Amino acid sequence: SSSSSSSSVITTLLVLIMAPCSSLAAAGGGSRQGRCNGSDYLSVGWLGLSRDMCIERGARVQHHTSRCSFLSYTSSAELNEESQFCLCFKECSNVTHACPQDWETVDLEAHVARQQRIDLLDRFFIAGAAGLLIATIAAVRCSRRKRCSAVAVENTERPEPKLETNIASSVEV
């Protein structure tokens with residue numbers, strides 16, 4: 001009915017509004033395969049640290065020390081045990097692919113800038129979706145009120161039927 005069609009419209013609109021956020025979040029950028037060359041690095045990982053936590057840790061180190069513009073990460077179990085899998089580099093002119101493990105190097109400045117844009121877009125889209133939801137609810141309530149008002153007006157415009165009784169038939173002789 002009207003309520004279920006309104007909720008499906010709202011769901012569709014929210015999906016359409018939020019789609020750009022998820023596609024931006026999935027977009028790479030600032031990342032390349034391989035490990036930064038050089039031995040001047042800072043190991044910022046510890047046993048069990050995930051890729052995302054490694055990147056977050058590197059971003060904090062960069063913010064506080066400016067020594068982690070680039071972060072090289074591998075999920076290698078061997079290097080994870082040695083805490084040599086999450087490495088910060090101040091500079092990274094090129095990466096090596098000669099390592100036995102699969103490495104990924106992230107340009108943290110580009111990553112942080114992209115994440116800030118995504119966060120801003122998320123806030124914008126969430127605020128837009130909330131506004132759209134409120135406007136849709138208000139429109140549905142208003143249309144229901146108008147329908148109820150129209151029925152009430154229609155009922156007041158019709159004269160009440162008068163009951164006429166035949167006195168002669170109701171009196172017994």
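Computed over heavy atoms, backbone and side chain alike; hydrogens, waters and symmetry mates excluded. These figures come from a predicted structure and were not determined experimentally.
Inter-residue side-chain proximity for Cys54 and Leu71 is flagged as met; some heavy-atom pair is nearer than 4.5 Å. Looking at Ser69 and Leu108, their side chains never come closer than 4.5 Å, going by heavy atoms from C-beta outward. Trp103 is listed as a side-chain neighbour of Leu87, based on a closest heavy-atom distance under 4.5 Å.
Linking ILVMFWY residues whenever their side-chain heavy atoms come closer than 4.5 Å, directly or via other members, leaves Leu79 and Val95 in distinct clusters.
Taking CE of Met53 as the start and CH2 of Trp46 as the end, the distance is 6.0 Å to the nearest 0.5 Å. Between the CG atom of Leu49 and the CG atom of Asp52 there is a distance of 9.5 Å, given to the nearest 0.5 Å. Distance check, rounded to the nearest 0.5 Å: CD of Glu82 to CD of Glu78 gives 5.5 Å. Expressed to the nearest 0.5 Å, how far CG of Asn94 lies from CZ of Arg35 amounts to 11.5 Å.
Other residues, nucleotides and ligands place no more than 12 heavy atoms under 6.0 Å from the CD atom of Glu91.
Counting only distance, with no hydrogens or angles, the side chain of Asn80 and the backbone of Ser75 share no donor-acceptor pair below 3.5 Å.
Minimum interatomic distance between Cys36 and Ser72 (heavy atoms only, all atoms of both residues): N-OG, 3.0 Å. Of all heavy-atom pairs between Thr74 and Gln101, the closest is OG1-CB, 3.5 Å. Nearest heavy atom pair, residue Cys68 against residue Gln62, reads N-OE1, 2.7 Å. The two residues Thr105 and Phe70 have their closest heavy-atom pair at CG2-CB, 4.4 Å. For Arg67 against Leu42, the heavy-atom pair with the smallest separation is NH1-CD2, 4.2 Å.
Ring orientation note: the planes of Tyr73 and Phe85 are nearly perpendicular, at an angle over 60° on the 30°/60° scale.
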